[in-house]
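Read through the structure below, which is laid out as structure tokens, and then see the notes.
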Amino acid sequence: MRLTPAALLLVPVFAAACTTLSPDEPTIPQQNTLGTGLRIADIQNPSSNYYKLAIANPTTGVNVTVSSTVVTWIDTFDETKDGKSIGTVYIQDIGSQQPYSGIDIFEPSYVPASLRLFPGDVLDFVGPYEEATGVGSASFSGAGTLPQLEKPVGTFRYTFDTPPPTTIQLADLNQFTSYKAGRQWENMLVTLNDISVGIGSVDTSGKRVSYLMTQDDDAGSAGADAATLTNELYNLGAQDFAPGTHFKSVTGIVTWFYGYSVAPRSVDDLVLE
């Protein structure tokens, strides 16, 4: 193709114009590494602004979105041997040990649907937050509640580490002294130091095992309302430890059913003196 004289005059002008252009500086997105959802502590702590404004009636369920929650444990031990005490997933705010940071999940579904959970997995959840006042025919009648995310949808984000346990005192889990004191640690991974146990006992079903705990520096923690060590998450037997056995530390998930318990995840959570 031949260029006309007029066209040839335009070539250097266009080239010169191009050399004066400079690209815009790239925009760096300001990402919230924890996601855009709430923290578990936001939706559970009665002192939080969100709880005060949005959780009008927690016993009926309020739809929430929580982000960056880490799986602390999945209950794969069926202590009742009837398939009804298995599958509970415990999650906690990633990077947090503050009160009200843990919750359990009832009948979740996942994205992707084929996801197989492991401790340390980080997910976002969307679904109703509820403080259940009973389970089946069991009514708590104001004695306490079971906080949970009911049938939420969890979206996998990445794999991380389970949070370190929060060290608390056994007296914090004394139902008689104060339900509210223990409520802030419910469903969280905790450690109790200097713990001794009483006689291992089995309930009327013959399946649920518990040991009454006392703490060496807190004689007032003993009694019928003190927290127990239970077999909810692993095969703890009623004869595994003699009365008076002393542990340097006991680690586990705080659970509640008419009273507080600490459920070790395995025998490694029980450190003998």
Side-chain angles (χ1 to χ4, degrees), residues 72-86 88 90 97 99 102 104 119 135 138 140 143-146 162 164-273:
T72 52
W73 198 247
I74 302 107
D75 183 4
T76 59
F77 177 67
D78 185 16
E79 73 272 18
T80 58
K81 309 304 179 185
D82 58 4
K84 297 180 180 180
S85 58
I86 192 171
T88 300
Y90 297 91
Q97 293 177 293
D104 73 55
V135 176
F140 304 141
T145 62
L146 289 176
T162 55
T166 303
T167 299
I168 65 172
Q169 300 301 308
L170 182 60
D172 294 335
L173 303 179
N174 191 308
Q175 173 81 14
F176 179 76
T177 302
S178 174
Y179 166 77
K180 291 182 179 180
R183 168 65 185 86
Q184 63 186 325
W185 307 117
E186 199 168 337
N187 298 313
M188 287 185 63
L189 184 63
V190 304
T191 289
L192 304 170
N193 293 316
D194 295 319
I195 294 294
S196 297
V197 296
I199 300 173
S201 61
V202 183
D203 71 357
T204 54
S205 73
K207 304 293 194 304
R208 294 184 183 274
V209 173
S210 63
Y211 290 79
L212 192 65
M213 294 188 289
T214 58
Q215 193 164 33
D216 287 3
D217 60 354
D218 183 18
S221 66
D225 293 294
T228 57
L229 186 69
T230 67
N231 70 333
E232 293 173 70
L233 300 181
Y234 99 99
N235 192 19
L236 173 68
Q239 307 299 321
D240 286 1
F241 300 104
T245 298
H246 183 265
F247 297 93
K248 181 179 180 180
S249 66
V250 168
T251 296
I253 304 289
V254 176
T255 64
W256 184 90
F257 191 78
Y258 293 103
Y260 289 110
S261 299
V262 174
R265 299 160 296 175
S266 72
V267 69
D268 293 336
D269 278 340
L270 303 173
V271 181
L272 291 166
E273 191 64 60

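Count residues from 1 along the sequence.
- Contact detail for Tyr211 and Ile199: the closest heavy-atom pair is CD2-C, 4.1 Å.
- To the nearest 0.5 angstrom, Leu189 atom CG is 7.0 Å from Thr162 atom OG1.
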Test Ser261 against Thr228 for side chain to side chain donor-acceptor pair (under 3.5 Å), laying out the working first. CA-CA 5 Å; Ser261 299; Thr228 57; 2.9 Å; yes
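- By the 4.0 Å N-to-carboxylate-O rule, Arg208 lies close enough to Glu79 to be salt-bridged with it.
- The shortest non-hydrogen separation linking Gly182 to Leu173 is CA-CD2, 4.0 Å.
- Atoms CD1 and CG, on Ile86 and Leu233 in that order, are 11.0 Å from each other to the nearest 0.5 Å.
- For the pair Lys207 and Asn231, the tightest heavy-atom approach, listed with the atom from each and the gap, is O-ND2, 3.0 Å.
- Side chain of Asp172 to main chain of Gln169: a donor-acceptor pair is present (N/O by atom type, distance under 3.5 Å, no hydrogens or angles).
- Note that CZ of Arg265 is 6.5 Å distant from OG1 of Thr251, once rounded to the nearest 0.5 Å.
- Smallest separation of non-hydrogen atoms from Leu270 and Leu236: CD1-CD1, 4.5 Å.
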Side chain to side chain contact (heavy atoms under 4.5 Å, CB included) between Tyr90 and Thr255: does it pass, once the steps are laid out? CA-CA 10 Å; Tyr90 297 91; Thr255 64; 3.9 Å; yes
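- To the nearest 0.5 Å, atoms CG (Leu272) and CD1 (Ile195) are separated by 13.0 Å.
- Note on ring orientation: taking the six-membered ring where Trp is involved, the planes of Phe241 and Phe247 are perpendicular (angle over 60°, cut-offs 30° and 60°).
- Side chains of Thr145 and Tyr179 form a contact here, defined as non-hydrogen atoms less than 4.5 Å apart.
- Of all heavy-atom pairs spanning Pro119 and Trp73, the tightest one is CG-CE3, 3.9 Å.
- Between Glu273 and Thr245, every side-chain heavy-atom pair lies at or beyond the 4.5 Å cut-off.
- Interatomic distance, CE of Met213 versus CG of Asp194, reported as 13.0 Å (0.5 Å rounding).
- Without hydrogens or angle criteria, Gln215 side chain to Leu170 main chain gives a donor-acceptor distance under 3.5 Å.
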Check the pair Thr167 / Thr191 against side chain to side chain donor-acceptor pair (under 3.5 Å), numbers first and verdict last. CA-CA 5 Å; Thr167 299; Thr191 289; 5.1 Å; no
Carefully, step by step, assess Ser201 and Ser210 under the rule side chain to side chain donor-acceptor pair (under 3.5 Å). CA-CA 5 Å; Ser201 61; Ser210 63; 3.3 Å; yes
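- In this structure, Asn187 CG and Leu146 CG are separated by 8.0 Å, a value rounded to the nearest 0.5 Å.
- Two residues are said to be in side-chain contact when any heavy atoms from C-beta on lie closer than 4.5 Å; Tyr234 and Asp269 fail this criterion.
- Closest of all the heavy-atom pairs between Trp185 and Gln97 is CZ3-O, 3.9 Å.
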